[in-house]
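In what follows, chains carry the letters A, B, and so on, assigned in the order in which the sequence lines appear, proteins first and then strands, with residues in each chain numbered from 1. What's counted below: heavy atoms across the whole structure, side chains too, no hydrogens, waters or symmetry copies.
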Amino acid sequence: MQYRKLKLEVAVHNFQYTRAKNAAGAIAELSKNPAAKLVAGGTNLIDLMKYGVMAPDRLVDINRLSYNAIQKESGVLSIGATVTNSVAAANEMVLQYQPLLSQAMLAGASPQLRNKATMGGNLLQRTRCPYFYDISEPCNKREPGTGCGALKGYNRMHAIFGASDACIAVNPSDMNVALVALDASVQVTGPKGKRNIPIAEFHRLPGKHPELDNTLDRREVITGLLIPDNAFSKHTTYLKVRDRASYAFALISVAVALEMEETTEGTTIKEVHLAMGGVAHKPWRLTAAEQLLKGKKATVENFKMAAELAMQGAKSYGHNDFKLKLAPNSIVQALKTASGIKA
Amino acid sequence: MVENKSLEEEDNQGSSRRDFLKKTSVMTAIALTPAAAIKASDLKLDEKLADALEQVPLSIDINGQHHDLKVEPRLTLLDLLREKLRLTGTKKGCDQGQCGACTVHIDGVRTNSCLTLAVMHDGARITTIEGLATGNQLHPMQEAFIKHDGFQCGYCTPGQIMSAVACINEGHAGSEKEIREFMSGNICRCGAYANIVNAIQEVKAGGSRA
């Protein structure tokens, strides 16, 4: 948002409040009341309620649910849904096995917000598109059918991949970009039981239904995240390009996870995972670029080729034209940092 | 201080909000048509309206004082502190979690009090800028802010100081760069950042903890 209205008093509509004792209780509340919402950290939801963007008539507080553990079992790191971003980012197992996740989370928000924001809540973080936030503007995500204010409006922060005529908003989370690069999955429980949703299938592209950010059922509760072991811990980088040195949303971000190998030909890339933030309605995995780099030598030439390939199909909307150049440059820079090559 | 009364009861001098709502909703109904009033009464709409605005019990410790309160669910922790308990040291800047002026410690953890609901902190221990000094003896961080001119207008200062104390306790004050990164949630429009960093470095060097 560019300007803020002066507000001295709470403008939030009233609502009812329940503390859930367990997941079953939370699911029951969501099932019987379509206008109920879960609240954990609340750093995004309460903000949206102040703007009038969201107006649940009941909040179900899930902070007392016991999804606060970080564990490592049979090759998988699991992080409970109500663990805060601060706690997870500083956790020794996260730092040892999945440093990329810690780097990405520490690049997001501020220490105070990370102290409240939870893993589950960050997955559900809504776009920061100013047209979504301003209830006097049209927005298909906030009010389906009203149109998209950003398409021909001020769209500097907006998508260059996977957008539709209905919505060009981006997912604002840093954590989500790392999770996509790390092949995480989301553990949920709902009226039909438990399931694991691969992170790539969790967030969705806008298409004709930008009001849906993800594939979670309205009555489901996120209970945790699962991240499989990998051999990336020595070569990870989360590069975030933004308007301020800290505490700003990404214009472009790049998550790089590399497994390097010394061969007779020099330093080669054995395995590579790449994802970008600030470019699409969901964290954007760079599959084609990964395939190109796999087995190749870690050189700037190869990185540039991969970045060029990653940009195929990109489309800008005016104010965000600069992203067409900033994005590939950021990919190259992040790969250089992660691989440790000098040139 | 132990309070068993609802805050609204205090404000309304004994007349509870629920009763008030019941009366006003019934009066509104009567002002419509007799038929509508009878129907509203049959459906217990006054009860429903009162339920919708029900207050929730909240037991909370603020700066070492215990409070038993009743609050609306929509009340933020910041508004509880400022508007209900008259603890106006904690400032409302943006009210959107973007400036850090409202930073307080919840169970020792720094938090934006504007983006969290009071009812979510039943049983919590809150420390505000008013609770930092020991009697007339200022906290070392307060002393350091004065010594280093860590402010001009002073509006962001309570939030800066609460954040700075937590920054050291968290172990995030190891270098100027680290301090700047981990103080980035507190905006100062006067631009006193250089002096704020100096103040934090001095307290860190002195080994003081909250």
Taking all atoms of both residues into account, what is the closest heavy-atom pair of [X] and [Y], and its distance?
X	Y	value
A:Lys116	B:Thr116	CE-OG1, 3.7 Å
B:Val56	A:Arg19	CG1-NH2, 4.4 Å
A:Ser110	B:Gly185	CB-CA, 3.4 Å
B:Glu181	A:Leu106	OE2-O, 4.0 Å
A:Gln112	B:Ser163	NE2-OG, 3.3 Å

**OP:** Show your working on side-chain hydrogen bond (donor to acceptor under 3.5 Å, both in side chains) between B:Gln98 and A:Asp47 and close with a plain yes or no.
**Re:** CA-CA 10 Å; B:Gln98 301 191 2; A:Asp47 191 28; 5.2 Å; no
Given that the side chain runs from C-beta out, which part of [X] has a heavy atom under 4.5 Å from chain B: side chain, backbone, both or neither?
X	value
A:Ala40	backbone
A:Arg64	side chain
A:Leu59	side chain

Is any side-chain heavy atom of [X] less than 4.5 Å from a side-chain heavy atom of [Y]?
X	Y	value
B:Glu72	A:Tyr17	no
A:Pro111	B:Arg110	yes
A:Thr43	B:Asn112	no

Original post:
Could you state the interatomic distance from CD1 (A:Ile62) to CE (B:Met120), rounded to the nearest 0.5 Å?
Top reply: 9.5 Å
Original post:
Going from CD on B:Gln96 to CD1 on A:Ile46, what distance comes out if it is rounded to the nearest 0.5 angstrom?
Top reply: 11.5 Å
**OP:** Specify which of B:Ile187, B:Val119, B:Val109 makes the most heavy-atom pairs with chain A at under 4.5 Å.
**Re:** B:Val119
Under 4.5 Å from any heavy atom of chain A - which part of [X]:
X	value
B:Cys114	both
B:Thr111	both
B:Ile106	side chain

**OP:** Verify side chain to side chain contact (heavy atoms under 4.5 Å, CB included) between A:Asn115 and B:Glu170, making sure each step is shown before the conclusion.
**Re:** CA-CA 11 Å; A:Asn115 281 343; B:Glu170 290 163 9; 4.0 Å; yes
Subject >> Greater than 12 external heavy atoms within 6.0 Å of B:Lys91's NZ >> reply: yes
**OP:** Can you establish whether the number of heavy atoms outside B:Arg189 located under 6.0 Å from its atom CZ is more than 12?
**Re:** no
